[in-house]
Student: 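First the structure, then my questions, so here it is.
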Amino acid sequence: MTDKTYTISDLAREFGVTTRTIRFYEEKGLIHPRREGQKRLYSAADRVRIKLILRGKRIGLSLQESVEVIDMYDPEHNNREQLHSLINTVGEKRARLLRQQRDIEEMLRGLDEVQQLCEQALVDLA
DNA sequence: ATTCTTACA
DNA sequence: TGTAAGCA
């Protein structure tokens, strides 16, 4: 019964987010802090969960994707399944980003083309 | 001073 | 998510 607990502002400070963000995650069902009356009390486990969610966010995972990965964790086993799932998710993210990068480069080439035409037109005018 | 809920940008 | 209102 000496488990460390944190207030919402404790965690907000530690992770550099607002209390709004933490409550938002709760609304989305990502965390379920215990209540002490109206006040939310976060356990060490809640803290880790939030940390993992934010880590997922940093690598472009949606809140849903992060939860899916996190909830697969089984402290009793090797979590081979979870690891494969995460690898797949990361692979999909990478593929999507590469596709976007390709599209952007294509648009950039299009812009170059138009700009060249415009500049040439100006030269011809002179 | 802090947190909470609700609602709107 | 930010911001703001009205409570406790």
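Source: prediction; values computed, not measured. Sequence lines set the chain letters: A, B, ... in the order given, protein chains first and strands last, and positions in each chain run from 1.
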Student: Between atom CD1 in A:I22 and atom C1' in C:dT1, what is the gap in whole Å?
Tutor: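 To the nearest whole Å, that distance equals 13 Å.
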
Student: Classify the side-chain pair A:T19/A:R23 by whether it contains a donor and acceptor separated by less than 3.5 Å.
Tutor: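 Checked: A:T19/A:R23 side chains pair up, N/O donor to acceptor below 3.5 Å.
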
Student: Provide, to the nearest angstrom, the distance between the CD atom belonging to A:E36 and the P atom belonging to C:dA8.
Tutor: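 That distance rounds to 19 Å.
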
Student: Tell me if the CD atom of A:E113 is crowded by more than 12 foreign heavy atoms within 6.0 Å.
Tutor: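 Open: at most 12 neighbouring heavy atoms sit under 6.0 Å from CD of A:E113.
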
Student: Which of the following nucleotides, B:dT3, C:dG2, C:dT1, is nearest to the side chain of A:T18?
Tutor: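 The closest nucleotide is C:dG2.
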
Student: Less than 3.5 Å between a donor and an acceptor, one on the side chain of A:R20 and one on the base of C:dT3, is that the case here?
Tutor: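 Yes, a donor-acceptor pair under 3.5 Å.
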
Student: Return yes when atom CD of A:E36 has more than 12 non-hydrogen atoms of other residues, nucleotides or ligands closer than 6.0 Å, and no otherwise.
Tutor: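 Count not over threshold, so no.
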
Student: Kindly point out which of B:dT5, C:dT1, B:dT3 is positioned nearest to the side chain of A:K39?
Tutor: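 The listed nucleotide nearest to A:K39's side chain is B:dT3.
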
Student: If you draw a 6.0 Å radius around CD in A:E14, do more than 12 non-hydrogen atoms from other residues or ligands fall strictly inside?
Tutor: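 Atom CD in A:E14 is crowded, with more than 12 foreign heavy atoms closer than 6.0 Å.
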
Student: With a 3.5 Å distance limit and no angle check, can you tell me whether A:N78 reaches the backbone of A:R80 through a side-chain donor-acceptor pair?
Tutor: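 No; zero donor-acceptor contacts below 3.5 Å.
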
Student: Considering only B:dT5, C:dG2, C:dT1, which nucleotide approaches the side chain of A:Y25 most closely?
Tutor: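 From the listed options, C:dT1 comes nearest.
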
Student: Of the nucleotides B:dT5, C:dG2, B:dT3, which has the atom closest to the A:I8 side chain?
Tutor: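 Nearest nucleotide to the side chain: B:dT3.
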
Student: Could you tell me the separation between the CG atom of A:L11 and the C1' atom of B:dT3, rounded to a whole number of Å?
Tutor: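 Atom CG in A:L11 sits about 14 Å away from atom C1' in B:dT3.
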
Student: Roughly how many Å is it from CG in A:L30 to C1' in C:dT1, rounded to a whole number?
Tutor: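 Atom-to-atom, A:L30 to C:dT1, this comes out as 14 Å.
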
Student: Taking A:Q82 for the side chain and A:V69 for the main chain, is one N or O donor matched with an acceptor at less than 3.5 Å?
Tutor: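 Pair found, side chain donor or acceptor close to backbone of A:V69.
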
Student: Could you tell me whether the phosphate oxygens of B:dA1, OP1 or OP2, come under 4.0 Å of any side-chain nitrogen or oxygen in A:S9?
Tutor: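 Answer no for this pair, as no side-chain N or O of A:S9 is under 4.0 Å from OP1 or OP2.
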
Student: Are side-chain N/O atoms of A:D10 and A:T7 paired as donor and acceptor at under 3.5 Å?
Tutor: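 Indeed, the side chains of A:D10 and A:T7 share at least one donor-acceptor pair under 3.5 Å.
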
Student: I need the CZ-P distance between A:R34 and B:dC4, as an integer number of Å.
Tutor: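 Answer to the nearest Å: 14 Å.
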
Student: Let me check I have this right: for DNA chain B, each base becomes ., (, ), [, ] or |, based on Watson-Crick or G-U pairs with both distances under 3.5 Å. What is the full string?
Tutor: .|.||||||

Student: Send over the distance from A:F24 CZ to B:dC8 P, rounded to a whole Å.
Tutor: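 Distance, rounded to whole Å: 17 Å.
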
Student: Does OP1 or OP2 of B:dC4 have a side-chain N or O of A:R23 closer than 4.0 Å?
Tutor: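 For B:dC4, OP1/OP2 do have a side-chain N/O of A:R23 under 4.0 Å.
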
Student: Rounded to the nearest angstrom, tell me the gap between atom CZ in A:R13 and atom C1' in B:dA1.
Tutor: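 Going from A:R13 (CZ) to B:dA1 (C1'), I get 12 Å.
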
